Amino acid sequence: MAQFRAAKRNHFNLPRPIERLGELVYNLWWTWAPEAERLFDRIDPSLWERLNHNPVLFLRQVERSHINAVIHDKSYLQLYMQTMQAFDDYMLAENTWFTREHAGLLHKPIAYLSSEFGLHETLPIYAGGLGILSGDHLKEASDLGLPLVAVGFIYHQGYFSQHITEDGWQEAHQVTLDFNDLPVAPVLDEVERPLMVSVDLPGRTVHARLLEIRVGRVPLYLLDSNVEDNTSTDRELTARLYSSDLDLRISQEILLGIGGVRALRMLGYNPTVWHMNEGHSAFLVLEQARELIQSGRTFEEASQQVRAANIFTTHTPVPAGSDEFPHWLIDKYFSNYWPHLGLNREQFIQIANREMPWGETFSMPVLAMKMAAQRNGVSELHGQVARRMWNFLWPELPDSEVPISHITNGIHTGTWIARSLFELLNNYLEADWYENLDDPDVWEAVNSIPDDELWDMRRHLKRKLVAYMRERARDQWMHDSVHPIQIIADGTLLDPYALTIGFARRFATYKRASLVLSDMERLLKMVNAPNRPLQIIFAGKAHPADEPGKQLIQEVYRAVKQSDNGGRLVFLEDYDINLARYLVQGVDVWLNTPRRPNEASGTSGQKAALNGVLNFSILDGWWREGYNGRNGWAIGEDRDYEDHDAQDAAEAESLYNILENEIVPLYYNNRGPGEPPSEWLRMVKESIRTLGPRFSMRRMVKEYTTDLYQPVMLGNGQLPPAQDR
Ligand SMILES: *Cc1c(COP(=O)(O)O)cnc(C)c1O
């Protein structure tokens, strides 16, 4: 990439035999490569935990005596050599899936833009599912060898850390990131100055520097407006995710979309495909059009060319959930821009106009829909909902023919699989199973895993979760001034042998976290059943501006705090990737109760399924496709409701019935002490076997490549353009 490069790294002064650890920490590959994390963990496990798995801080802070110990430890050095060899092989591999299948397209880069990336717990630059999906997408693009480059934001005040008061109210604690402590590096120009992109905002030019994160083979460039050339207000532009301040939001999106294109140009990229993950980056189509018009095209010609190169993925089934701006704001921010497109105000506004109940708006998804060759939703049901929702853009077509397809979400297997399950699969599946993990045949051998080994693995993961929760609770007790009841609410009384349900997700009201609490009497009977108790662990953040979401947390927390549940209902603070990993691996059952069809896909249940945690969910999003009657449970029916109260009542009834009559008996009945529950394990195997391959990011990114990227790369990606109304 021309003369620009990320600043030099590896400055830890490590002894020769393990010197390259300092290089490894600057590539997130170690976060998903089997065993690689042990290179840190084995040096000083308690420091590693204390630093929340931050390898940069770890190498800086670890005591020399620990380092000296491992450089004389043969088995450590062997792990080091193997891992570094695997890293080199990975980075230099020429034989990837993409080179095998699409060798002729290697020189056609794909640009992937998203407002959040959930890559690792040390990088809190994501809020929820959208970010995890983007992060997993990059990891898989790297594994498959796609020529992909990504752009986003590094928010120097990362997504907040959550504290719950004794009364159950969510407090948002500001996190301030020091980039020197993170595996990121500024991109420098030929004289070692930070490379800057700039965009025009009303009355001023705003600059942003670029920071690079290596995600295996994929580079991710993050924009950071916190630079000296900007005013103090503009330095805060990229400070936080999803502000409700419209000026701030539109400024951010101008920086992401228009600045994103300029950043890639400056870095020397000429992408053939532009993938907008949600509408936040959609202004990028305007910048592409401006470039073409500057080189002599008309707006018509330019937009045709832009349309042929863009892909848009929508994630929002709720009309009010999409990103829109009032026209006065568009006047304020774009009146100097539309002349460059050869348009007047009216024509410009029309590109993205949407009639909402509260008036006409400039809609980012409309802009993206109209200027893309390919559009998709993220599950089959979401595809249907999206075709209905955006039908107004193609008024001449029936719902079913609206050109929006779907690709169901998946998860990055290496990131989410428990190490102990990975080892078990290595023992019982074909040696190359991981290479071919999206092939269902490879997973047939899951059935040959002996029950006692599988059960040991499941129990080990639950004990790990409970031990982790206790350590967190202990830490809170010692260091924060919390009320004793909060220590119980943190899970200190949990039993590692009891049937345990997990419910962890963003606390948006449509996710109905309190559905399982709707009949407390009935629930407590199960929770406190002698010899066969039920435990439920809740976790999740509400957006700081989402009052109903915070009230929902409070409602759950108040139920958790009651002594009548014996400490078996629990709320864990500060849901993040690390906690998610413990939960989706450690509980027995994964509960999800969205109000259908609002869950576009959901992915946490896919992580659970892969690890042999049984899904117990509404038939919405991915579960409507994944459920086969034998690999988990469906709450309610495969139908929609007009009446929310009737829906809640019917689905709560179904939830309790299944818990009482199926889940609890299946877990506890028909086994002696210490014996594995064989019927339960049959279902666990069915879950891993049927859902592991299908809801993998491997399957997903291959589908994006063949169904969306490839047609665009070959120049025949165009579908009928959306009509201007
Ligand atoms: C997987 C994940 C999500 C998304 O899960 P949903 O199924 O959409 O609720 C959100 N946050 C974290 C931390 C995750 O790991």
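Everything numeric in this text was worked out from a predicted model, so none of it was measured. Counting starts at 1 for both ligands and their atoms, in listed order.
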*So, does Trp590 sit close enough to ligand 1 that a heavy atom of it is under 4.0 Å from the ligand?*
no
Part of [X] within contact of ligand 1 (heavy atoms, under 4.0 Å):
| X | result |
| --- | --- |
| Ser604 | both |
| Arg506 | neither |
| Arg581 | neither |
| Ile132 | side chain |

*Measure from atom 12 (C) of ligand 1 to every heavy atom in Tyr575, Tyr159, Trp623 and give the option owning the shortest one.*
Tyr575
*Knowing that exactly one of Glu637, Glu380, Glu599 qualifies, which makes a salt bridge (charged side-chain N to carboxylate O under 4.0 Å, His left out) with Arg624?*
Glu380
Check ligand 1 against [X] and write out every atom of the ligand that is under 4.0 Å from a heavy-atom position of the residue.
| X | value |
| --- | --- |
| Gly602 | 7 (O), 8 (O) |
| Lys511 | 8 (O), 9 (O) |
| Asp576 | 13 (C) |

*asked:* So, regarding Trp416 and ligand 1 (criterion: nitrogen or oxygen to nitrogen or oxygen, under 3.5 Å), is there a contact or not?
replied: no
*Applying the side chain to side chain donor-acceptor pair (under 3.5 Å) test to Asn277, which of His137, Glu116, His315 qualifies?*
His315
*Applying the side chain to side chain donor-acceptor pair (under 3.5 Å) test to Glu573, which of Gln486, Gln170, Gln476 qualifies?*
Gln476
*Is Arg512 salt-bridged to Glu651, cutoff N-O under 4.0 Å?*
yes
*Where does the angle between the aromatic ring planes of His163 and His173 fall among parallel (under 30°), tilted (30 to 60°) and perpendicular (over 60°)?*
tilted
*asked:* We want to know whether Trp416 and Asp136 form a side-chain donor-acceptor pair, criterion being a heavy-atom distance below 3.5 angstrom.
replied: yes
*Is Lys541 close enough and on-axis enough to Phe160, meaning under 6.0 Å and within 45°, for cation-pi?*
yes
